[in-house]
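Only one structure is covered here, and it is reproduced in the block below.
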Amino acid sequence: MLRTLLIVALLFTAGCNGRDDDEAPDTVPDRAPPAEPTAAALHAAGVAPARATPIPPAALTAAEAISAERIRTDVAELASDAYGGREPGTAGDAKARAYLASRLQALGYAPGAADGYQQRFDLVSITAAQPDTWPFRRGEETRTFSQQEDFIVASGAQRERVAVEDAELVFVGYGIQAPEYEWDDFGDADLRGKVLVILNNDPDWDPELFEGERRLYYGRWTYKYESAARQGAAGAIIIHTTPSAGYPWQVVETSWSGPQFELPQGDEPRLEVKAWLTEAAARELVSWSGHELDELVEAAKSRDFEPVPLNVTTGIALENRVERTGTANVLGLLEGSDPELANEVVIFTAHHDHLGTDADAAAGEDAIYNGALDNAAGVAEVLAIAEAFTRLPERPRRSILINFVAAEEQGLLGSKYYARHPTFPPGRIAANLNFDGGAIWGETEDIGFIGLGKSDLDQVARTVADHQERALEGDQDPSKGYYYRSDQFSFAAIGVPAIYPDAGRRVVGKPEGWGQAQMDEYTERHYHQPSDELTDAWDSSGLVQEAEFGFLAGMIIANRDEMPRWSPGDEFEAERLRALQALE
């Protein structure tokens, strides 16, 4: 059955803090889940069943323009120290945007924004002076935890000072309200002014419940904070574990230090403070409170779970530097050739931002987060794809929009802004192809598709994978929730299906497991670290293979008669139908 629009609405329910590949929603009115559309309803909305579309020979010729040398040149440029890590609002950010606009212009793309190549928007930067310690009290006793070693805390509001005073801690399980699963971790508890202690991820032990191991938006940290804010809580603490987060504690440390960016605050509910606690610190705190974490986790696995007061109070205050700055999405448009379909568009995205420079780095330390793989590689792939489209003897039927989005690391903010202010009506956006990262270890015998099974774009992806003689695989790490962690999520929230390629694991000429080992090492040692740099060890043939995949898939989508559609019952299908019906 159709999932309720709760998940989609969550993308727009509260402002976002923290650097991670997620988004941050604003509130929209609650809506009852629509009935599952019939074939007649789909037809009335202009959504026809998809038919197989062959790859045009001219596209195969144009794809030959995609070269390892060109991709590597763009990566080397954007990931150089001259760009200072491309943090939003900095000189490096402006330099990156100018470089991308000049590249699109040189390729013959028209300006895609109202005022040129840059769709400008404001960000609010919040830099919190995190305290060295955080005290918790139980009766006359006090237990203190250390910043970075045990906890990370950020401001939940766009003010110069936020504070929690003498607030009670309450364990609320997964912190989820999901009526379609008859799940409510809050029940009738009055949680106003409390600090909620929350498990990361979502229930994963039953394939019929929250789709089993596949993480949904309910499992994302952004949802946890938004959900707590809707309860009127003063603060929320997420318990970090590497399996539940999908990355080690060091990623939390780097991502939540320094300026945190948001779109300007609206009237959505807000927390005062948002925090993470290591698993070891959480176990110590819970044990000190008179409970055992494992027992609480087990209790949280039931629909009958009720919030558990921990009989512990806490207080913490943050002094913030709040600044307003600007950034932009960089948009280039290649108009379609079909008189009727040119007003529809296929959008390629890759985020151009990264984490900037660590002002607190010790002398002699590498302080620049160059973001070579994340995401100069994805940007370079999309530039290569953009060039391939210009090598066609005739432009594709639908228009092509290249959209280098800003502030992804700060919560998908650039794609979120574009979704609020699209240059094409959502009902005319055929599909999104999003590139975040890339295959830097060489050509592979397989290719991942995060979102496989969600739409009839599966057919497009299989056609191209078969052409490349590669196996098409679904999400290889479904528990990490990658679908909700990159920019395609912002498009899905307005009803647009997406292809999000994931680097293959079976690297040509390497033993079984070698590719996965490289990815694991990158996540453990280089993800969101200054060491994410372009090196001689990169084998750019994999990036070429991936860019070719994206170009050919985009070509098929741009040329076929029908608009892509979600699989019946998908969580985003209803939004697609609304977008199509809004055109009538």
Side-chain angles (χ1 to χ4, degrees), residues 21 63 66-68 70-75 77-79 86 96 100 103-104 107 109 329-332 345-354 371-389 400-409 412 414-415 418 431-441 443-444 447-452 457 460-461 464-465 468 470 472 475 482-483 485-492 496-504 519 522 527 532 534 538 540-558:
D21 350 289
I66 298 172
S67 73
R70 180 68 257 179
I71 289 175
R72 190 176 181 92
T73 297
D74 284 323
V75 173
E77 176 67 25
L78 290 165
R86 309 188 304 280
L100 294 173
R103 289 280 285 117
L104 289 173
L107 289 172
Y109 279 72
N329 301 322
V330 182
L331 310 179
V345 67
V346 178
I347 300 180
F348 287 84
T349 52
H351 72 88
H352 63 70
D353 64 297
H354 200 56
L373 179 55
D374 183 17
N375 184 39
V379 169
E381 285 181 323
V382 172
L383 282 170
I385 291 167
E387 181 174 358
F389 275 111
I400 302 297
L401 181 69
I402 305 300
N403 186 350
F404 295 115
V405 294
E408 188 269 356
E409 301 290 4
L412 313 187
S415 59
Y418 182 86
N432 168 231
L433 291 92
N434 183 48
F435 291 77
D436 193 352
I440 63 170
W441 297 282
E443 293 188 349
T444 62
I447 183 168
F449 177 4
I450 295 172
L452 185 67
L457 293 176
V460 174
V464 181
Q468 292 186 323
R470 292 205 282 173
L472 183 67
D475 190 344
Y482 285 127
Y483 193 84
R485 290 172 57 179
S486 194
D487 292 301
Q488 74 283 333
F489 183 31
S490 297
F491 286 90
V496 179
I499 291 178
Y500 177 19
D502 186 26
M519 294 182 182
Y522 169 79
Y527 177 58
D532 181 6
L534 177 63
W538 281 36
S540 300
S541 64
L543 297 174
V544 171
Q545 192 183 35
E546 197 167 83
E548 288 176 345
F549 177 91
F551 167 64
L552 295 175
M555 187 69 186
I556 292 174
I557 297 166

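Computed over heavy atoms, backbone and side chain alike; hydrogens, waters and symmetry mates excluded. Count residues from 1 along the sequence.
With rounding to the nearest 0.5 Å, the separation of CG in Leu383 from CZ in Phe348 is 12.0 Å. With rounding to the nearest 0.5 Å, the separation of CG in Leu373 from CD1 in Ile440 is 4.5 Å. In this structure, the separation between OG on Ser486 and CD on Glu408 is 4.5 Å, given to the nearest 0.5 Å. In this structure, CG on Leu452 lies 9.5 Å from CG on Asp475, to the nearest 0.5 angstrom. Remark: Gln488 CD to Ile347 CD1 distance equals 13.0 Å, nearest 0.5 Å. Note that CG of Asp487 and CG of Leu433 are 13.0 Å apart. Values are rounded to the nearest 0.5 Å.
Donor-acceptor pairing under 3.5 Å is lacking for the side chains of His351 and Asn434.
Exactly one residue among Leu552, Ile400, Val460 makes a side-chain contact (heavy atoms from CB on, under 4.5 Å) with Ile557. That residue is Val460.
Residues satisfying the side chain to side chain donor-acceptor pair (under 3.5 Å) test with Tyr418, not counting sequence neighbours, are Thr423. Remark: Asp74 pairs with Arg70, Arg103 by the salt bridge (charged side-chain N to carboxylate O under 4.0 Å, His left out) rule, at least two apart or across chains. Legend: residues meeting side chain to side chain donor-acceptor pair (under 3.5 Å) with Gln468, ordered by chain and number and at least two apart, are Arg470. Under the side chain to side chain donor-acceptor pair (under 3.5 Å) criterion, Tyr483 pairs with no residue, sequence neighbours left out. In this structure Asp502 satisfies the salt bridge (charged side-chain N to carboxylate O under 4.0 Å, His left out) test together with Arg505, sequence neighbours excluded. Under the side chain to side chain donor-acceptor pair (under 3.5 Å) criterion, Asn432 pairs with Thr349, sequence neighbours left out.
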Can Trp538 and Leu543 be said to form a side chain to side chain contact (heavy atoms under 4.5 Å, CB included), step by step?
CA-CA 10 Å; Trp538 281 36; Leu543 297 174; 4.2 Å; yes
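The two residues Ile71 and Ala547 come nearest to each other via the heavy atoms CD1-CB, 4.4 Å. Looking at every heavy atom in both residues, Arg86 comes nearest to Ala96 through CD-CB, 4.0 Å. Here the closest heavy-atom approach between residue Ser540 and residue Arg72 is recorded as OG-NH1, 4.0 Å. Contact record, Gly550 with Phe435: CA-CZ, 3.6 Å, taken as the closest heavy-atom pair. Closest non-hydrogen pair, Ala377 versus Val75, comes out as CA-CG2, 3.8 Å. Nearest heavy-atom pair, Gly332 versus Leu104, reported as atom, atom and distance to 0.1 Å: N-CD1, 3.7 Å.
With hydrogens and angles disregarded, a donor-acceptor distance shorter than 3.5 Å links the side chain of Asp353 to the backbone of Glu409. Side chain of Asn329 to backbone of Gly414: a donor-acceptor contact under 3.5 angstrom is found. Remark: side-chain polar atoms of Tyr482 are not paired, donor with acceptor, to backbone N or O of Tyr500 under 3.5 angstrom. Judged by distance alone, the side chain of Gln545 and the main-chain N or O of Thr444 form a donor-acceptor pair under 3.5 Å.
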